[in-house]
Amino acid sequence: MLWVLDTNIVASGLLWNGTPARLLDAAQTDKVALFTSLILLAELTRILRREKFSKAIAASGLTLDALVLGYAELATPVTPVPIAPMILDDPDDDHVLACALAAQANLIVSGDHHLLDLKTYQGIRIVTASEALQLLTAKQ
């Protein structure tokens with residue numbers, strides 16, 4: 001299974017024990033292959049710099065850079081393909097779509113309603129973290 005995780009899922013998975021963390025665990029045990037891009041890694045860094053994440057980062061025992069680099073080592077970077085604008089209300093979401101298309105992913109995992117409302121993009125399913133975990137456990 002080839003997946004692209006939206007940055008909101010990655011941030012949650014890196015900082016808290018929950019469904020997104022279980023998705024990252026699945027990638028560490030090679031049950032899924034994750035893909036990202038430099039643009040998505042930069043967005044992850046920007047998100048994790050927000051004050052609201054400082055306590056969770058400190059509690060992790062890692063630096064912000066170590067968290068992002070750890071994810072960058074887990075996910076395979078791809079060069080996003082150019083796409084026509086899809087999410088006019090949040091153009092950053094188009095980067096997730098472009099990454100998934102370049103990776104030839106079969107799943108995008110997001111908590112963002114702009115992406116989830118699409119349901120699919122060029123044959124790539126867009127699901128919540130819970131739905132992705134259900135798909136993962138059904139495959140085992």
Side-chain angles (χ1 to χ4, degrees):
M1 292 189 280
L2 311 176
W3 294 4
V4 170
L5 304 182
D6 195 354
T7 52
N8 56 54
I9 299 296
V10 176
S12 181
L14 292 173
L15 298 176
W16 293 283
N17 292 323
T19 302
R22 292 178 65 192
L23 299 179
L24 293 178
D25 291 343
Q28 289 175 333
T29 58
D30 295 326
K31 293 178 181 159
V32 298
L34 298 181
F35 293 87
T36 191
S37 68
L38 293 179
I39 292 169
L40 294 179
L41 290 171
E43 181 180 3
L44 178 63
T45 302
R46 278 194 317 275
I47 288 170
L48 291 177
R49 281 195 180 121
R50 294 178 184 163
E51 182 61 33
K52 69 180 183 177
F53 295 120
S54 62
K55 286 182 183 176
I57 291 170
S60 77
L62 299 170
T63 65
L64 183 148
D65 289 340
L67 287 168
V68 174
L69 286 173
Y71 181 69
E73 290 176 358
L74 182 61
T76 301
V78 296
T79 302
V81 297
I83 64 168
M86 290 293 303
I87 314 278
L88 300 180
D89 289 341
D90 191 355
D92 284 345
D93 289 338
D94 286 345
H95 298 301
V96 177
L97 300 173
C99 178
L101 200 57
Q104 297 180 341
N106 46 29
L107 204 67
I108 294 170
V109 184
S110 181
D112 185 311
H113 73 89
H114 294 113
L115 288 170
L116 291 169
D117 288 349
L118 288 177
K119 298 193 189 325
T120 63
Y121 176 73
Q122 294 199 18
I124 304 166
R125 287 183 61 194
I126 304 170
V127 300
T128 65
S130 296
E131 290 169 316
L133 188 58
Q134 288 173 353
L135 290 169
L136 184 62
T137 55
K139 291 253 181 204
Q140 298 176 5

### Task
Hey, could you give me the NE2/CG distance between His113 and Asp93, rounded to the nearest 0.5 Å?
8.5 Å
#### Entry: Straight-line distance of Ser12 OG to Leu24 CG, nearest 0.5 Å
9.0 Å
### Message
If you define the side chain from C-beta out and look only at heavy atoms, does anything of Thr76 sit under 4.5 Å from Leu34?
### Response
no
## Note on the structure
Cluster membership besides Ile87, Ile/Leu/Val/Met/Phe/Trp/Tyr side chains within less than 4.5 angstrom, sorted by chain and number, is Leu2, Val4, Phe35, Leu40, Val78, Val81, Ile83, Met86, Val96, Leu97, Leu101, Ile108, Leu115, Leu116, Leu118, Tyr121, Ile124, Ile126
#### Entry: Single-linkage hydrophobic cluster Leu74~Leu64, side-chain heavy atoms < 4.5 angstrom
yes
#### Entry: Any side-chain heavy-atom pair of Leu107 and Leu135 under 4.5 Å
yes
### Task
Count the heavy atoms of every other residue, nucleotide or ligand shown that sit under 6.0 Å from CD of Gln104, and state whether that count exceeds 12.
no
### Message
Taking atom CG as the centre, does Asp117 end up with more than 12 heavy-atom neighbours from other residues, nucleotides or ligands that are less than 6.0 angstrom away?
### Response
yes
### Message
Any side-chain to backbone donor/acceptor pair from Thr128 onto Glu131? Under 3.5 Å, distance only.
### Response
yes
#### Entry: Residue pairs involving residues 39-54 (criterion side-chain hydrogen bond (donor to acceptor under 3.5 Å, both in side chains); sequence neighbours excluded)
Thr7-Glu43, Glu51-Ser54
### Task
May I ask you to test the Tyr71-Leu5 pair for a side-chain heavy-atom distance under 4.5 Å?
yes
### Query
Rounded to the nearest 0.5 Å, how far does OG1 of Thr19 lie from CG of Asp25?
11.0 Å
## Note on the structure
Residues at least two apart in sequence or cross-chain that pass side-chain hydrogen bond (donor to acceptor under 3.5 Å, both in side chains) with Thr63, listed by chain then number, are none
### Query
Take atom CG in Leu38; do more than 12 heavy atoms of anything else shown fall under 6.0 Å from it?
no
### Close side-chain approach of Pro20 to Val10, heavy-atom, < 4.5 Å
no
### Query
What's the spacing between Asp90 CG and His95 NE2 if we round to 0.5 Å?
9.0 Å
### Task
Quick one: closest heavy-atom pair of Ala66 and Leu62, and the distance?
CB-CB, 4.1 Å
#### Entry: Verify same cluster id: Ile57, Leu69 (apolar side-chain graph, 4.5 Å)
no
### Message
Test your reading of the model: is there a side-chain donor-acceptor pair from Glu73 to the backbone of Gly70, 3.5 Å cut-off?
### Response
no
### Task
Flag the pair Leu14 / Leu44 as yes when at least one side-chain heavy-atom distance between them is below 4.5 Å, and no otherwise.
yes
### Task
Rounded to the nearest 0.5 Å, what's the gap from CZ on Phe53 to OG on Ser60? Could you check?
12.5 Å
#### Entry: Non-hydrogen atoms of Gly111 and Ile9 that approach each other most closely
N-CD1, 3.8 Å
### Message
Under the criterion side-chain contact (heavy atoms from CB on, under 4.5 Å), I'd like the reasoning laid out for Val109 against Leu23: C-alpha separation, chi angles, the key distance, then a yes or no.
### Response
CA-CA 10 Å; Val109 184; Leu23 299 179; 3.8 Å; yes
### Query
Do Thr79 and Ser37 have side-chain heavy atoms sitting under 4.5 Å apart?
no
### Task
Taking all non-hydrogen atoms of both residues into account, name the closest pair between Met1 and Leu136 and its distance.
CE-CD1, 3.3 Å
#### Entry: Which atom of Pro85 lies closest to which atom of Asp94, heavy atoms considered
CA-OD2, 3.4 Å
